[in-house]
Protein chains: 2
Amino acid sequence: MKIIAEQVVSVNTKEELAKFAKALAHPTRIEILHLLNTQSCCFTGDLVEVLPIAQSTVSQHLKELKNAGLIQGEINPPKIKYCINKENWQKAKLLFAAFFE
Amino acid sequence: MKIIAEQVVSVNTKEELAKFAKALAHPTRIEILHLLNTQSCCFTGDLVEVLPIAQSTVSQHLKELKNAGLIQGEINPPKIKYCINKENWQKAKLLFAAFFE
DNA sequence: AATACCAATCGCAAATCTACGATAGGCGAT
DNA sequence: ATCGCCTATCGTAGATTTGCGATTGGTATT
């Protein structure tokens, strides 16, 4: 057995990293995040216009990104404006950077 | 429409990033990569010993990491030694870093 | 040649993901 | 109150993922 037993990456970190990675594990979600990150914010309708998929599917992807904590929505009647959740974005950035050393 | 049309992230980059993210999208695979990255290399059996899952499942995870290009196996009869694929590891590191800015 | 060991693959079941159209709900404008 | 717009949710279908035990295949060793 040549594996060092001590757990250098905590269970929580490991799972948190996997959660963020899962959110990024689809080209559409990568694109959404990239658009939000370069555009500051935008409405669901704007995304639907740009992406080659149905509105309901876009909504689902947004929901996943929201659940992962990477974006947040703000009601701006009658639209909903989505932005990067900067706090968690930074967290994810640091986790990935640390993971890759 | 407030979205800038030009595609800053190419389709290929987008898909490559998603591919790497998918490989990282499971706590077990995060742990395997972390072990390999801190241990240089190790055998499948070593991983099976440490991870709380069946040998066949470990083998499956290793296969996915191999397919994503993040690890490589080298035959060392009668065992197989797995290592980080440094070239792609670096590539992934840079892609994630660029994505998060 | 027979045996033992290690790891990959097969076959299967359950769970999750992706996508869509249809429907529902919230809010402003008429 | 009604209409129209925007977005979330529902229901569903098909694909993919995750996990396991059992089996197979490859490589020393006996």
Side-chain angles (χ1 to χ4, degrees), chain A residues 1-3 11 14-15 17-33 35-36 39 41-83 85, chain B residues 1-3 11 14-15 17-33 35-36 39 41-83 85:
Chain A
M1 243 299 287
K2 286 157 203 115
I3 294 190
V11 174
K14 195 169 65 186
E15 254 140 45
L17 193 49
K19 188 191 70 181
F20 284 134
K22 200 171 178 181
L24 301 182
H26 195 288
T28 297
R29 291 197 291 272
I30 293 281
E31 181 152 14
I32 291 174
L33 288 172
L35 287 168
L36 291 181
Q39 304 282 318
C41 296
C42 68
F43 302 112
T44 308
D46 300 337
L47 295 171
V48 172
E49 229 174 294
V50 166
L51 301 172
I53 53 177
Q55 177 266 321
S56 58
T57 308
V58 173
S59 228
Q60 261 184 152
H61 283 305
L62 288 171
K63 187 181 179 182
E64 278 183 65
L65 291 172
K66 223 185 321 173
N67 286 344
L70 288 172
I71 66 172
Q72 57 198 1
E74 135 185 353
I75 294 168
N76 204 328
K79 300 188 179 182
I80 293 182
K81 195 167 66 175
Y82 280 104
C83 314
N85 180 323
Chain B
M1 245 299 288
K2 284 155 205 121
I3 295 192
V11 173
K14 196 170 64 186
E15 253 141 45
L17 193 49
K19 186 191 71 180
F20 285 134
K22 199 172 178 181
L24 301 182
H26 195 288
T28 297
R29 290 197 291 272
I30 293 282
E31 182 153 13
I32 290 174
L33 288 172
L35 287 168
L36 290 181
Q39 303 284 317
C41 297
C42 68
F43 302 113
T44 308
D46 298 339
L47 295 169
V48 171
E49 229 175 296
V50 166
L51 301 171
I53 54 179
Q55 178 265 322
S56 59
T57 308
V58 173
S59 227
Q60 262 184 153
H61 283 305
L62 288 171
K63 186 181 180 182
E64 278 183 63
L65 292 172
K66 222 184 323 175
N67 286 342
L70 289 172
I71 66 172
Q72 57 198 1
E74 137 186 351
I75 294 169
N76 203 329
K79 300 188 176 183
I80 293 181
K81 194 167 69 176
Y82 279 104
C83 314
N85 180 322

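As the structure is a prediction and not an experimental result, all values here were calculated from the model. Chain letters run A, B, ... following the sequence lines, proteins first, then strands; residues in each count from 1.
Between B:His61 and B:Leu51 there is no side-chain heavy-atom pair separated by less than 4.5 Å. Looking at heavy atoms from C-beta onward, A:Ile32 lies in side-chain contact with A:Thr28 at the 4.5 angstrom threshold. Two residues are said to be in side-chain contact when any heavy atoms from C-beta on lie closer than 4.5 Å; A:Leu24 and B:Leu24 fail this criterion.
The backbone N or O of A:Lys22 sits less than 3.5 Å from a side-chain atom of A:Arg29, completing a donor-acceptor pair.
The CG-P distance, from A:Asn67 to C:dC17, rounds to 10 Å in whole Å. Atom CG of A:Leu51 is separated from atom P of C:dT18 by 14 Å (rounded to the nearest Å). To the nearest angstrom, C1' of D:dC5 lies 14 Å from CG of A:Asp46. The distance between atom CG of A:Leu47 and atom C1' of D:dA8, rounded to the nearest whole Å, is 15 Å. Rounding to whole angstrom units, NZ of residue A:Lys81 and P of D:dT7 are separated by 13 Å. Put simply, CD1 on B:Ile53 is 6 Å from P on D:dC20, counting in whole angstrom units. Rounded to a whole Å, the NE2 atom of A:His26 is 12 Å from the P atom of C:dC17. To the nearest angstrom, P of C:dT16 lies 17 Å from NZ of A:Lys19.
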Legend entry - Residue pair B:Asp46, B:Leu35: steps toward the side chain to side chain contact (heavy atoms under 4.5 Å, CB included) verdict: CA-CA 10 Å; B:Asp46 298 339; B:Leu35 287 168; over 6 Å; no
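For B:Ala54, the side-chain atoms get nearest to D:dC20 when compared with the rest of D:dA8, D:dT18, D:dC20. Distances from the side chain of A:His61 to the nucleotides C:dA8, D:dT18, C:dA19 place C:dA19 closest.
For C:dA8, the OP1/OP2 oxygens have a side-chain nitrogen or oxygen of B:Tyr82 closer than 4.0 Å.
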Inset, instruction - Summarise how protein sits on nucleotides 9-14 of chain D as a single string, 5' to 3': B when a protein heavy atom is under 4.0 Å from the base, S for sugar-phosphate-only contact, - for no contact. - result: B-----
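Applying the side chain to side chain contact (heavy atoms under 4.5 Å, CB included) rule to B:Lys66 yields the partners B:Ile71, B:Tyr82; only residues at least two apart in sequence or on another chain are considered. Contacts of A:Val48 classified as side chain to side chain contact (heavy atoms under 4.5 Å, CB included), with partners at least two apart in sequence or in another chain: A:Thr44, A:Gln55, A:Val58.
The 5' end of DNA chain C is approached more closely, in terms of each residue's nearest nucleotide, by A:Lys22 than by the other of A:Lys22 and A:Pro52.
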